[in-house]
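Each ligand, and each atom within it, is numbered from 1 in the order the structure gives. Keep in mind that the numbers below use all heavy atoms, side chains included, and drop hydrogens, waters and symmetry copies.
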Amino acid sequence: MISMDKFDFFEKRALIRVDFNIPLNDAHEVEDDTRIKASISTITKVLEGGGSVVLMSHLGRPKNGYEERYSLKHLQNHLSKLLNLKVGFSDNCIGDESLAQAKGLPSGSVLLLENLRFHEGETRGDIEFSEALSRMGDVYINDAFGTSHRAHASTSVITQFFPDNKLFGYLLQSEISNIDSIMQNAKRPFTAILGGAKIAGKVEIIKELLNKIDNLIIGGGMAFTFIKAMGGNVGNSLIDDSLLALAMELCELAASKNVSLYLPVDSIIANEFSNDAKIETVMIDEIPDGWMGLDIGPQTEVLFTDVIKKSESVLWNGPMGVFEMSNFEAGTKSVAQAIATATSNGAFSLVGGGDSVAAINKLGLSDKVSYVSTGGGALLEYIEGKELPGVKAILD
Ligand code: AMP
């Protein structure tokens, strides 16, 4: 495989699959540009090597072709500012006009193509669509870690048109090497912290993690399925009744592998799902009917913080509560702060998954952890040990 550093980009057009699937507000302004910033080093490398850049990405989940709110034109100015040059825009990602724009690009310039998912061939992995896309560049670079778990036209199928000219961008490379380093060579004790709403998508990850870690901390909505499975009263908290037996199995599996499992001991509960709700602090297994746990409580904060601070490796995915509401953000904040402290004491910390990244950015702690992954689903699937199609397509 060729590396970015070795490739000669002089007078080459690099077609880069980036992951610009970022949140925009109602006025179509960029709300969080973490993923755009993460692509800059790859783009700059091509430009400095005397090449030009054609960028392609998806944004959101358009259903039937063009949708104004999902147009990548909304990112054009922001990207121009970050790169300090005027980025061109093509209102399609394939076709004669876009191809003429791409072919006419002088060295040192950048063209952003319209949302790939305005064509259904993208998610279907359509071969003709992939071929049409491939004409936009002389060399293909995949730098879209966040989409690399999808076998789509632009992430995987397209590579067959670049048998000798396909590479990983710097972001994808660093994602893989950082995740590999914690999953394969973690310093001990190694603590994984999982939170968020859904337990369903995380069962396989928990099983895989139990082979590698010393401590498993579970918070957020997903903790309540465990608490209920153990016979606790969780009131109207979020639970998945179909997974009660599995939750108990996971507890037993953790014990059999000598992994210490930490669940919340208390909870901030509310009488409705609102920041204006009435609030109480109760023991986690004594939540009255009509009330729901929306954050971990103060005793849990102390318990979790203590475990995290004693760890040499920390992996965090998923908030401890409904951190989007200020009354339920304290638990997530305390975990983020504990990770920052552990990191400043020499631990390696990796934070990933849309919501944990949003939380760590909101708290201004993103530069206080070792690595912030841009991947959500891709990160989780990679941790699970699955082969990512976007990665495999380059390696094959
Ligand atoms: P996930 O997509 O599974 O990572 O879940 C992230 C979401 O979980 C966030 O939007 C949080 O607001 C939500 N969440 C965290 N804790 C709770 C809770 N105790 N009850 C309901 N939702 C929660």
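Defined by atom type and a distance below 3.5 Å, a donor-acceptor pair is missing between the side-chain atoms of Asn233 and Asp285. Looking at Ser57 and Asp19, their side chains never bring a donor and an acceptor atom within 3.5 Å of each other.
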- Pair Thr343-Ser349, side chain to side chain donor-acceptor pair (under 3.5 Å): steps then yes or no: CA-CA 6 Å; Thr343 311; Ser349 53; 2.8 Å; yes
- Task: Start with the C-alpha distance between His119 and Asn92, add both sets of side-chain angles, then the distance that settles side chain to side chain donor-acceptor pair (under 3.5 Å), and finish with yes or no.
- Result: CA-CA 9 Å; His119 293 263; Asn92 200 345; 2.8 Å; yes
- Trace of the side chain to side chain contact (heavy atoms under 4.5 Å, CB included) decision for Tyr66 with Asp91: CA-CA 10 Å; Tyr66 184 81; Asp91 59 13; over 6 Å; no
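For atom 1 (P) of ligand 1, the nearest non-hydrogen atom of the protein is Ala197 N, 3.6 Å. In terms of protein heavy-atom proximity, atom 22 (N) of ligand 1 is closest to Val322 CG2, 3.6 Å. Atom 2 (O) of ligand 1 has Lys198 NZ, 3.2 Å as its closest protein atom, hydrogens excluded (heavy atom only). The protein atom (non-hydrogen) at minimum distance from atom 6 (C) of ligand 1 is Asp355 OD2, 3.0 Å. At the shortest separation from atom 16 (N) of ligand 1 among protein heavy atoms lies Gly221 N, 3.1 Å. Looking only at protein heavy atoms, the nearest one to atom 9 (C) of ligand 1 is Glu324 OE2, 3.3 Å. At the top of the distance list for atom 19 (N) of ligand 1, counting protein heavy atoms only, stands Gly293 O, 2.9 Å.
Between Asp8 and Lys12, none of the side-chain N atoms (NZ, or NE/NH1/NH2) sits under 4.0 Å from a carboxylate O, so this pair counts as no salt bridge.
Numbered from 1 in the order shown, with element, the atoms of ligand 1 that lie under 4.0 Å from a heavy atom of Gly220 read 16 (N), 19 (N). Near Phe224, meaning under 4.0 Å from one of its heavy atoms, ligand 1 places the atoms 19 (N).
Taking a 4.0 Å cut-off on heavy atoms, Gly353 fails to register as neighbouring ligand 1. Put simply, no part of Gly318 is less than 4.0 Å from ligand 1, judged by heavy atoms. At a 4.0 Å cut-off, at least one heavy atom of Lys202 sits close enough to ligand 1 to count as contact.
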Distance-only donor-acceptor pairs under 3.5 Å for side chains of residues 248-264, two or more places apart:
residue: Ser256; atom: OG; partner: Leu253; partner atom: O; Å: 2.8
residue: Lys257; atom: NZ; partner: Asn211; partner atom: OD1; Å: 2.8

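A perpendicular orientation is assigned to the rings of Phe145 and Tyr382, their planes being inclined by more than 60° (bins at 30° and 60°).
For residues 143-152, the set of pairs meeting the side-chain hydrogen bond (donor to acceptor under 3.5 Å, both in side chains) definition, not counting sequence neighbours, comprises Thr42-Asp143.
Polar contact with ligand 1: absent for Asp295 (N/O pair, distance under 3.5 Å).
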